[in-house]
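Data first, discussion second: the structure below is written as structure tokens.
Position 1 is the first residue of the sequence, and the numbers go up from there. Remember, predicted model here, so these are calculated numbers, not experimental data. Atom set for the values below is all heavy atoms of this structure, side chains included, hydrogens, waters and symmetry mates excluded.
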Amino acid sequence: MIKKLSLLFLIVILLSSCNKTENQSIDSIKTTDNNTEPSIEIPDDILEFDYDIGFTGVTPTSPSPKSGTNTANNKSNFVLSLVCSDEESGTVYYVNYGQDDYLYSYKDGKSELVLEMPVNYINYIDGDLYFLSNGKDMPDLYMFSPGALYKHNVENKTTELLLDEAITELIVNEKGFFFYIMEEPVRNDDGSTFTPATPYFMSFSDNTPIERGLYSPRFYGEYQLKRSFKDGIFKGFVLNENGNEIIILPPINTFACECIVGDKLYFNNVADKTINSLNLKTGELKIFYSKSEPYMIENGVMTDIIDIADYTVIGEDLFAVTENNYIYKYDEALSIFVPVNEYNPFVDGHKIYKKIFTDGVDLYAIRTETGKEASLNRFYLGENGSWICGDLS
């Protein structure tokens with residue numbers, strides 16, 4: 001039986017991800033024709049006043065809780081987490097997405113099967129792997145892939161079922177488990193349906209989920225990210241520490257895919273197709289506009305605007321994949337996104353990269369290719385500064 005708080009909090013899951021690009025203003029959300037591509041205007045100046053509410057930073061007194069995967073992989077919006085690592089041994093664990101969807105390890109250029117079981121949302125903490133599985137092949141990358149929660153001990157090679165619920169968006173850190181439990185679909189009066197989901201927390205010592213309300217599984221030291229509401233009105237994003245709330249961002253409904261890497265909170269704004277960062281230590285805001293080198297081919301059209309589908313962070317470097325094309329790195333000197341290596345549209349145009357992950361050193365991206373099954377590709381930094389696509393097999 002699931003223990004519930006007195007306040008019932010339901011999250012309506014939308015079939016969307018970091019690549020959702022509705023024509024939305026910052027102040028209001030408008031319904032648009034889905035067949036109409038919104039125009040993009042890149043302002044000459046950085047509109048920091050849209051986000052700046054006077055937050056000047058905080059100084060944590062304790063380290064952030066150890067995460068089960070690189071925190072750049074812990075983006076919101078129900079994006080599958082397919083990579084995690086044991087930093088001490090140098091072992092990377094990954095889902096062989098699009099092939100058999102089983103759990104594998106990768107070390108010293110060699111892959112080994114860990115578990116002959118389709119998995120997703122994988123996390124590694126102190127010798128144990130935690131993941132979700134529904135016992136079937138994974139569905140489309142943009143689906144929520146609910147499954148039961150399992151634990152696999154790497155040394156003993158034993159697997160244990162921890163919680164048999166329709167769980168999604170699993171994030172694990174040393175505090176415990178953060179996830180959503182999906183409920184039965186609800187039909188609206190107009191015939192459309194939506195699937196409610198409730199956010200829960202569960203400790204390692206007690207397999208009894210407790211509703212966690214608006215609290216995020218993303219931490220900065222002792223501070224926990226949270227969406228703050230008062231009298232049903234969204235008041236903004238806050239850092240919460242023992243009930244004390246510090247407002248860090250205004251109530252902008254088009255923020256999505258947030259994660260905390262180092263001192264920075266990253267998020268994208270689907271209204272203007274930007275990726276943004278907020279330095280939680282200094283309060284500094286930065287906007288990464290979706291501009292690339294002129295004359296890149298995007299969706300078969302020559303353009304200098306890229307349609308960002310997903311992003312990740314390694315150190316201070318920001319990487320992005322476009323909705324239908326290639327992998328880019330943000331060049332601070334040029335203030336644009338540039339391809340991670342030389343791009344030949346006649347050779348590479350049929351390769352589509354959808355989602356991107358990191359183990360803190362290398363990049364991992366889902367690739368679909370004409371006539372082939374989807375696969376997870378690894379990119380490592382070569383001696384000449386180019387990112388090289390390597391084989392995980």
Side-chain angles (χ1 to χ4, degrees), residues 63-75 79-115 117-133 138 149-157 159 169-179 204 217-219 259-262 264 266 310-319 321 327 340 355-367 375-382 387-393:
S64 300
K66 182 194 300 184
S67 176
T69 182
N70 189 283
T71 54
N73 299 331
N74 283 342
K75 295 186 291 290
V79 177
L80 300 181
S81 179
L82 304 182
V83 175
C84 64
S85 64
D86 174 6
E87 294 182 0
E88 292 185 4
S89 69
T91 303
V92 175
Y93 297 95
Y94 69 94
V95 178
N96 192 22
Y97 183 85
Q99 305 299 307
D100 53 23
D101 299 319
Y102 294 163
L103 180 60
Y104 285 77
S105 65
Y106 179 81
K107 184 179 180 181
D108 299 330
K110 182 181 179 181
S111 285
E112 292 185 359
L113 177 65
V114 175
L115 195 60
M117 182 178 186
V119 301
N120 60 46
Y121 289 109
I122 61 174
N123 289 260
Y124 176 90
I125 292 279
D126 297 333
D128 293 313
L129 286 159
Y130 300 95
F131 54 85
L132 303 181
S133 179
M138 294 299 100
L149 172 60
Y150 288 86
K151 169 185 172 181
H152 177 81
N153 184 270
V154 173
E155 182 178 356
N156 298 330
K157 296 180 170 46
T159 304
E169 195 172 304
L170 171 68
I171 292 178
V172 184
N173 63 33
E174 60 185 344
K175 290 181 177 291
F177 306 94
F178 298 81
F179 51 80
F204 289 109
R218 295 161 191 91
F219 289 82
C259 65
I260 296 177
V261 181
K264 295 180 180 179
Y266 291 85
D310 194 17
Y311 74 92
T312 195
V313 181
I314 300 179
E316 295 293 323
D317 294 328
L318 176 67
F319 298 85
V321 291
I327 303 175
V340 294
K355 293 295 175 185
I356 191 168
F357 313 92
T358 184
D359 58 10
V361 178
D362 296 333
L363 297 170
Y364 301 82
I366 295 294
R367 185 179 81 182
S375 61
L376 181 69
N377 287 189
R378 168 179 168 260
F379 289 80
Y380 62 94
L381 190 59
W387 287 82
I388 302 169
C389 184
D391 194 351
L392 276 169
S393 60

Do D86 and S105 touch side chain to side chain, with heavy atoms closer than 4.5 Å?
no
Quick check against the 3.5 Å criterion: does N73 have a side-chain atom that pairs as donor or acceptor with the backbone of T358?
yes
F219 side chain reached by K175 side chain, heavy atoms, under 4.5 Å:
yes
Got a sec: does the NZ of K107 have more than 12 other heavy atoms crowding it under 6.0 Å?
yes
Only counting residues at least two apart or in another chain, list the ones meeting side chain to side chain donor-acceptor pair (under 3.5 Å) with D317.
none
Listed by chain and number, what are the ring pair (Phe, Tyr, Trp, His ring centres under 6.0 Å) partners of F204, not counting sequence neighbours?
Y130, F177
Restricting to side chain to side chain donor-acceptor pair (under 3.5 Å), what partner residues turn up for E174, sequence neighbours left out?
none
Residues S133 and P118: closest non-hydrogen pair is OG-O, 2.6 Å
Using a 4.5 Å cut-off on heavy atoms from C-beta on, say whether the side chain of L82 contacts that of Y364.
no
Do you know which two heavy atoms are closest between Y93 and L103, and how far apart they sit?
CB-CD1, 4.4 Å
Is the side chain of N153 donor-acceptor paired with the backbone N or O of N156 at a distance under 3.5 Å, no angle test?
yes
With rounding to the nearest 0.5 angstrom, report the NZ to OH distance, K66 to Y124.
8.5 Å
Tell me the closest heavy-atom pair linking V95 and N120, and the distance in Å.
CG2-CA, 4.4 Å
Taking the six-membered ring of Y311 as reference, does the cationic atom of K75 (NZ for Lys, CZ for Arg) lie under 6.0 Å from its centre and within 45° of its axis?
yes
What is the minimum heavy-atom distance between N377 and C389, and which atoms define it?
OD1-SG, 3.5 Å
Any side-chain heavy atom of W387 sitting closer than 4.5 Å to one from I327?
no
CZ/R378 to CD1/I388 distance, rounded to the nearest 0.5 angstrom?
9.5 Å
Does some side-chain heavy atom of V119 sit less than 4.5 Å from a side-chain heavy atom of L132?
no
For V83 and L376, which heavy atoms make the closest approach, and how far apart are they?
CG2-CD2, 4.1 Å
Under the ring pair (Phe, Tyr, Trp, His ring centres under 6.0 Å) rule, collect the residues that match up with F179, sequence neighbours excluded.
none
CG-OH distance between D359 and Y106, expressed to the nearest 0.5 angstrom:
10.0 Å
Side-chain donor/acceptor of R218 to backbone N/O of N74, under 3.5 Å
yes
Please report the closest heavy-atom contact between G98 and D101, naming both atoms and the distance.
N-OD1, 3.1 Å
Separation between CD1 (I125) and OG1 (T69), nearest 0.5 Å, reads 9.5 Å
All ring pair (Phe, Tyr, Trp, His ring centres under 6.0 Å) counterparts of F131, not counting sequence neighbours:
Y150
Any chance you could measure E88, atom CD, to D126, atom CG, to the nearest 0.5 Å?
8.0 Å
Within this structure, what is the CZ-CD1 distance for the pair F357 and I366, rounded to the nearest 0.5 Å?
5.5 Å
D310 side chain to I356 main-chain N or O, any donor-acceptor pair under 3.5 Å?
yes
Listed by chain and number, what are the salt bridge (charged side-chain N to carboxylate O under 4.0 Å, His left out) partners of D128, not counting sequence neighbours?
K151
